[in-house]
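A note on names: the letters A, B, ... follow the listed sequences, proteins ahead of strands, and every chain is numbered from 1. All of these numbers come straight from a predicted model, not from anything done at the bench.
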Amino acid sequence: MSPEALATLESVVRLVWLAGAAAFVLGLMRMNSPATARNGNLLSAGGMALAIGGTAVLLAARGEAGLTAWIIILAGIALGGGLGLYTARTVKMTAMPQLVSLFNAVGGGAAALIAIDDYIRLSNVQTFAPGGAIPLQVAIPTVLDVVIGSITFTGSLIASGKLMGLIPGKPIKVPGGQLVTLALAVVVAVAAIYLWLGNVSVPILFVIIAASLTFGVTMVLPIGGADMPVVISLLNSFTGTAVAMAGFVISNDVLIIAGALVGASGAILTKLMADAMNRSVINIIAGGFGGGEGTVAAEGPEGGTVRSLGVDDAAIQLAYAQNVIIVPGYGLAVAQAQHGVRELAELLEARGVNVSYAIHPVAGRMPGHMNVLLAEANVPYPQLREMEDINPEFDRADVALVVGANDVTNPAARRAGTPVSGMPILDVDHARSIIVIKRSMGRGYAGIDNELYVNPKTGMLFADAKQGLADLVAAVKAL
Amino acid sequence: MSPEALATLESVVRLVWLAGAAAFVLGLMRMNSPATARNGNLLSAGGMALAIGGTAVLLAARGEAGLTAWIIILAGIALGGGLGLYTARTVKMTAMPQLVSLFNAVGGGAAALIAIDDYIRLSNVQTFAPGGAIPLQVAIPTVLDVVIGSITFTGSLIASGKLMGLIPGKPIKVPGGQLVTLALAVVVAVAAIYLWLGNVSVPILFVIIAASLTFGVTMVLPIGGADMPVVISLLNSFTGTAVAMAGFVISNDVLIIAGALVGASGAILTKLMADAMNRSVINIIAGGFGGGEGTVAAEGPEGGTVRSLGVDDAAIQLAYAQNVIIVPGYGLAVAQAQHGVRELAELLEARGVNVSYAIHPVAGRMPGHMNVLLAEANVPYPQLREMEDINPEFDRADVALVVGANDVTNPAARRAGTPVSGMPILDVDHARSIIVIKRSMGRGYAGIDNELYVNPKTGMLFADAKQGLADLVAAVKAL
Amino acid sequence: MSPELLAALTVFVLAILCGFAVISKVPATLHTPLMSGANSIHGIVLVGSMVIAASATDLLSQLLSFVAVAFATMNVVGGYVVTDRMLQMFKRKPAAAKADGGAAPDAPKA
Amino acid sequence: MSPELLAALTVFVLAILCGFAVISKVPATLHTPLMSGANSIHGIVLVGSMVIAASATDLLSQLLSFVAVAFATMNVVGGYVVTDRMLQMFKRKPAAAKADGGAAPDAPKA
Ligand SMILES: NC(=O)c1ccc[n+]([C@@H]2O[C@H](COP(=O)([O-])OP(=O)(O)OC[C@H]3O[C@@H](n4cnc5c(N)ncnc54)[C@H](OP(=O)(O)O)[C@@H]3O)[C@@H](O)[C@H]2O)c1
Ligand SMILES: NC(=O)c1ccc[n+]([C@@H]2O[C@H](COP(=O)([O-])OP(=O)(O)OC[C@H]3O[C@@H](n4cnc5c(N)ncnc54)[C@H](OP(=O)(O)O)[C@@H]3O)[C@@H](O)[C@H]2O)c1
């Protein structure tokens with residue numbers, strides 16, 4: 001290919017990359033609303049295909065890649081693509097967050113590898129020309145990429161492991177704790193400054209890598225499993241930043257744009273996620289009250305009596321109500337009771353009862369958890385009502401049926417001074433009567449008692465969510 | 001200043017410009033919500049000050065500007081700044097759109113002047129080196145800048161004149177109409193292609209300027225005065241684009257960024273504005289049904305009887321109601337009756353009536369018109385309720401008091417086939433009883449009869465809004 | 001295509017995307033202030049006007065750039081001030097009825 | 001600071017602003033799919049991995065770039081597919097109860 005033709009091709013490929021980057025932005029924009037979200041994801045995927053295709057054409061035209069290089073590329077794509085496709089296709093809906101975290105880990109790893117490879121090559125060149133330093137504008141993004149990418153790699157793996165249950169979900173205190181973390185940070189900082197001062201040293205780079213990889217582990221281990229979605233989102237933002245740095249290292253605009261885009265949007269998303277739980281990101285990373293997964297205490301809240309309710313009573317209340325609002329929570333997800341709840345709702349609707357679902361934004365353990373589960377059980381989308389939307393309607397509800405939800409219904413959130421204070425809650429206590437299905441008087445994620453349970457209007461139906469719903473269905477049918 | 005120091009300064013100023021551009025984006029972002037909007041505007045202004053200050057420092061350091069140049073700059077700033085400050089400070093709230101349009105005109109003019117000046121200079125150089133063409137990557141943005149900037153200049157002036165009443169608000173049919181417009185477009189296109197083919201000619205540039213200036217006039221003249229806010233928004237987006245082109249012409253990133261930002265956000269805003277009126281931008285530009293400003297017909301809608309209501313009856317209904325919803329419209333703005341309506345509301349509240357205001361997004365003649373007017377009259381912000389928010393509450397309202405609103409309450413919008421079909425309306429007809437203050441059975445902006453007025457629940461209080469409200473206040477006091 | 005032009009195009013496209021993303025779900029109430037706020041931003045053309053004024057040597061150039069500077073400054077100053085005045089109206093608590101200009105009711109226009 | 005670096009920085013800053021602007025008022029329901037969607041986007045690192053793989057000559061570089069390509073592709077392919085699966089759940093009308101995988105209820109984890 002003639003030099004002019006190649007130059008033109010380079011320009012064209014750069015424009016193609018730009019088009020790809022634009023598709024990412026437009027795709028994310030469309031993912032802001034449920035109606036266009038899927039389409040937005042496809043747009044983004046199209047942009048990605050374009051960018052990758054353009055790269056392949058450019059590399060082929062440049063002709064610098066030999067047979068080995070092509071084999072490496074194609075084998076890598078086949079291997080990674082196959083693994084990605086297989087795991088993404090077969091994962092269960094409830095196991096998605098851990099998979100996303102895994103994908104995030106490899107993305108961060110790839111970004112770090114680019115900088116590592118680039119640095120080793122540059123250092124080889126420098127060895128032949130001693131005294132010549134690696135310019136600061138390469139050294140800075142290289143080190144940042146390696147540090148952030150490595151932290152993301154191990155951090156995301158740990159997060160994924162916690163969610164898979166391979167690593168205990170409980171906060172694990174690292175021996176030495178904050179001291180170790182501090183020491184690692186100091187090592188990284190000193191080594192980075194050493195390299196930025198103009199010294200070229202691969203061993204020092206490996207010190208940075210090792211310290212950063214360890215840092216990723218010690219950062220995520222002490223955080224409770226229930227906080228993992230926020231942590232994953234944060235690490236996702238990190239990967240974006242690492243990719244942008246990789247873009248600076250190899251002077252590639254599309255990496256810079258896409259990386260910065262993810263870095264920034266991921267940061268906002270992390271904040272939104274934390275906000276929805278009424279916590280700060282700092283608080284989560286520092287290891288908050290997370291990890292106390294249900295069934296802690298068995299005593300009722302002081303000063304109130306708990307009224308236990310039989311299945312038949314509950315069935316009658318539901319069957320003869322006009323308006324029923326179902327409030328699903330984490331317990332429903334754990335018990336995989338989404339199909340049971342749908343069955344009950346259909347039964348009630350067939351009897352002329354109005355049924356809707358009140359979806360708290362952070363019900364469950366990841367944002368949108370309830371929507372995904374109920375959608376999986378084919379609950380019609382319009383029946384799912386968001387908190388702000390449905391809260392006024394509890395006043396008109398005859399029965400609120402709470403299934404495995406706890407914190408998101410706790411009226412204590414309206415007072416100051418409790419761990420849930422300030423978190424917006426579902427106004428379940430405004431309903432004419434309340435039925436709560438859970439196994440015991442156990443606490444929820446925040447680890448505090450729920451005043452709703454001692455409300456005189458409340459009847460407790462102690463059961464596993466799945467079993468309790470099945471019993472209710474049978475009882476309603478028998479009426 | 002040494003060349004190295006100057007180079008460093010250039011880098012710094014470019015970073016300052018970038019910071020300014022970032023402030024524009026962040027400022028616009030904050031202007032998305034009423035709580036942060038003012039702060040956002042200040043942030044944007046701060047970015048602007050930074051960018052201008054940086055430019056001044058850079059020009060001074062370069063030392064290429066002589067005394068004359070500095071006098072020109074300072075005199076220009078003093079003149080333009082003084083005019084801008086004075087007009088902006090003294091304008092009445094109701095006259096804001098025409099002023100914004102005026103500012104838009106001068107902005108577009110300045111953008112066009114930059115390209116014109118640049119072209120003339122380049123052509124002088126080219127004359128000395130005959131045969132050398134102006135490169136396409138300069139010629140294209142130059143022509144685009146000149147065309148768009150010129151159209152904006154005259155178009156915005158006409159829009160402003162229409163709103164000021166200097167030019168009749170009615171659609172003015174240009175003799176020859178679309179033919180003239182088409183001819184102008186052809187002239188511009190041919191001349192542009194001539195220049196892009198490598199010919200350097202200042203006279204041809206002036207042909208383009210003249211044709212574009214005329215095009216701006218013929219484009220806006222046939223559009224009705226009531227559609228001007230949308231037109232101004234569109235021209236605003238044009239100016240942004242022209243400024244971005246000016247940035248390409250003189251290779252200045254901050255002009256490109258800020259211009260493109262305004263071009264794109266202005267385009268979206270124009271679409272949102274048009275959407276809110278249930279019209280398309282194309283439809284507006286092509287000159288729709290606009291311009292029929294009130295008082296067209298005097299006959300009542302067929303098939304219904306109109307019930308006229310006395311002031312005292314109306315006062316009693318209002319004074320003994322529990323919930324009153326006030327629906328302000330264009331007539332209230334015209335009659336400057338915002339203070340009267342606040343007085344009546346306060347009087348009613350003192351008697352224990354719940355009063356709120358239902359604000360339709362396009363009530364009046366510019367978006368947010370009603371909010372601005374009522375805020376000016378010190379109506380407490382929380383009493384202003386948006387359409388989606390208050391519509392369900394009409395069911396519980398004892399009286400809906402419609403003041404000079406027409407189209408936004410017309411139930412015909414719920415049916416297909418009328419000019420307002422599909423426009424969301426205020427559910428005024430759901431109120432227990434309805435009082436309408438207007439001068440006659442005259443039509444609104446859309447030029448159709450309002451079925452609300454023949455609703456048996458409706459009583460018409462025929463009066464100028466200001467006078468009618470004053471009478472009502474007196475009558476309520478007398479109770 | 002020169003690398004500079006490519007870079008400028010990249011910047012252009014990204015700024016357009018920013019513009020699209022920024023104006024997404026705006027309440028209609030804020031349409032007019034937003035239009036006005038965006039209007040002030042294109043006053044950045046003042047930077048360009050200053051640059052051409054600084055290098056203007058012949059009379060025509062000086063005249064053109066003087067007008068450009070004056071126009072652009074009017075756009076900047078007037079734009080921000082008028083936007084601020086509009087937004088002042090949105091404050092939640094009317095801090096003690098202030099006797100601002102423009103409150104004087106005027107003869108109806110229509 | 002070289003002009004290229006300045007240009008790259010400009011692009012970086014603009015992309016950050018785009019990122020901020022894009023995620024503004026998102027319903028909590030979409031937080032997880034959005035996170036996953038953003039996660040796929042940084043799979044663009046595959047482009048960088050391909051570029052270094054193409055110029056890898058020594059064994060170490062080849063190894064590193066092979067791993068990078070595989071990692072990045074896994075991120076891209078898996079990311080988009082899993083996001084799409086999540087978003088499929090948001091369709092309004094469940095088109096005839098489809099017997100999708102993952103519906104099989106599983107033993108509770110807690
Ligand atoms: N969505 C997110 O993004 C996210 C992320 C991290 C943390 N969080 C936090 O998670 C909490 C969510 O609130 P939530 O009300 O959904 O859940 P929750 O407060 O954690 O309570 C769940 C309840 O479900 C019951 N339960 C557990 N297994 C059950 C089973 N098999 N059958 C029936 N009931 C069962 C438990 O009581 P028994 O043991 O008595 O059965 C427990 O009290 C909030 O505090 C939120 O801040 C949310
Ligand atoms: N807000 C925007 O951005 C915008 C922009 C362009 C167009 N529009 C359009 O404007 C319309 C707005 O609806 P709207 O209901 O507010 O107004 P409207 O439909 O235009 O009706 C206004 C009514 O006010 C009455 N009126 C006029 N002067 C009056 C006075 N001095 N005292 C009392 N009443 C007076 C008129 O009836 P009488 O003559 O009988 O008194 C007229 O029917 C919509 O069609 C909308 O699409 C809005």
If I measure from the heavy atoms of chain C, does Leu99(B) come under 4.5 Å with its side chain, its backbone, both, or neither? side chain
With side-chain contact (heavy atoms from CB on, under 4.5 Å) as the criterion, how do His42(C) and Asn236(B) come out once you've worked through the C-alpha distance, each side chain's angles and the decisive distance to 0.1 Å? CA-CA 9 Å; His42(C) 59 54; Asn236(B) 187 34; 2.8 Å; yes
Just so I understand: if I count every heavy-atom pair under 4.5 Å between each of Ser265(B), Ala65(B), Gly27(B) and chain C, which residue has the most? Ser265(B)
Ser49(C) vs Leu113(B), test: side-chain contact (heavy atoms from CB on, under 4.5 Å). Steps then yes/no. CA-CA 8 Å; Ser49(C) 308; Leu113(B) 287 174; over 6 Å; no
Could you tell me whether the side chain of Met35(C) reaches within less than 4.5 Å of the side chain of Met273(B), counting heavy atoms only? yes
Side chain, backbone, both or neither: which part of Val76(C) has an atom under 4.5 Å from a heavy atom of chain B? side chain
Given Met86(C) and Asn41(B), is the side-chain contact (heavy atoms from CB on, under 4.5 Å) satisfied, shown in steps? CA-CA 11 Å; Met86(C) 274 186 220; Asn41(B) 188 51; over 6 Å; no
CG on Leu28(B) to CD1 on Ile23(C), rounded to 0.5 Å: 5.5 Å
In terms of heavy-atom pairs under 4.5 Å with chain B, which of Leu34(C), Ile41(C), Val69(C) leads? Ile41(C)
Residue pair Ile44(C) / Trp17(B), side-chain heavy-atom distance below 4.5 Å: no
Taking Trp70(B), Phe103(B), Phe24(B) one by one, which has the highest count of heavy-atom pairs under 4.5 Å against chain C? Phe103(B)
Identify which part of Leu102(B) has an atom lying under 4.5 Å from any heavy atom of chain C, answering side chain, backbone, both or neither. side chain
CD1-CD1 distance between Ile52(C) and Ile114(B), expressed to the nearest 0.5 angstrom: 5.0 Å
Can you tell me how far apart OG (Ser44(B)) and CG (Asp84(C)) are? Round to the nearest 0.5 Å. 11.5 Å
If you count heavy-atom pairs under 4.5 Å with chain C, which of Val262(B), Asp118(B), Leu384(B) comes out on top? Val262(B)
If only side-chain N and O atoms count, and only distance matters, is there a donor-acceptor pair under 3.5 Å linking Arg38(B) with Thr83(C)? no
Between Gly37(C), Gly48(C), Ala72(C), Ser2(C), which shows the greatest number of heavy-atom pairs under 4.5 Å with chain B? Gly48(C)
Please state whether the side chain, the backbone, both or neither of Glu386(B) comes within less than 4.5 Å of a heavy atom of chain C. side chain
Mark yes or no for whether Arg89(B), through its side chain, and Val82(C), through its backbone, hold a donor-acceptor pair below 3.5 Å. no
Quick check for you: among Gly43(C), Ala38(C), Cys18(C), Gly79(C), which has the greatest number of heavy-atom pairs under 4.5 Å with chain B? Ala38(C)
Counting only non-hydrogen atoms closer than 4.5 Å, does Leu46(C) touch chain B with its backbone (N, CA, C, O), its side chain (CB onward), both, or neither? side chain
Relative to chain C, which of Ala56(B), Gly107(B), Gly109(B) shows the most heavy atom pairs under 4.5 Å? Gly107(B)
Are the side chain of Asn32(B) and the backbone N or O of Val22(C) linked by a donor-acceptor pair below 3.5 Å? yes
Nearest 0.5 Å, what's the CD1-OG distance between Ile72(B) and Ser65(C)? 4.5 Å
Does a side-chain heavy-atom distance below 4.5 Å link Asn75(C) with Asn104(B)? no
Side-chain (Tyr80(C)) to main-chain (Gly46(B)) donor-acceptor, under 3.5 angstrom: no
Phe153(B)/Phe71(C) aromatic ring centres below 6.0 Å: yes
For a side chain to side chain contact (heavy atoms under 4.5 Å, CB included) with Val100(B), tell me which candidate from Ser40(C), Pro33(C), Ser36(C) qualifies. Ser36(C)
Got Thr32(C) and Met96(B) here, is their nearest side-chain heavy-atom distance under 4.5 Å? no
Within the 4.5 Å heavy-atom criterion, are Ser251(B) and Glu4(C) side-chain neighbours or not? no
Options Ala7(C), Ala21(C), Ala56(C), Ser55(C), ranked by heavy-atom pairs under 4.5 Å with chain B, top entry: Ser55(C)
For His31(C) and Thr270(B), what are the C-alpha separation, side-chain angles and deciding distance, and is it a side-chain contact (heavy atoms from CB on, under 4.5 Å)? CA-CA 9 Å; His31(C) 285 177; Thr270(B) 308; over 6 Å; no
Chain C interface, residue from Ala45(B), Ala258(B), Pro361(B), Ala69(B) that has the most non-hydrogen pairs under 4.5 Å: Ala45(B)
Hey, what do you get for CG (Leu87(C)) to CG (Asn39(B)), rounding to the nearest 0.5 Å? 10.5 Å
Provide the closest heavy-atom pair for Arg121(B) versus Ser61(C) in the form atom of the first, atom of the second, distance. NE-OG, 3.1 Å
Measure the shortest side-chain to side-chain distance between Met31(B) and Leu30(C) over non-hydrogen atoms and say whether it is less than 4.5 angstrom. no
Given heavy-atom pairs under 4.5 angstrom as the criterion, report whether the side chain, backbone, both or neither of Leu373(B) touches chain C. neither
Rounded to the nearest 0.5 angstrom, the CG-CD1 distance for Leu14(C) and Ile256(B) is 11.5 Å
Check each atom of Ile77(B) against the heavy atoms of chain C and say whether the ones under 4.5 Å are side chain, backbone, both or neither. both
Per-residue tally against chain C (heavy atom, under 4.5 Å) across Leu79(B), Val243(B), Leu269(B), Ile257(B) peaks at Leu269(B)
For a quick test of reading the model, state the closest non-hydrogen atom pair linking Val45(C) to Ala110(B) and the distance between them. CG1-CB, 3.9 Å
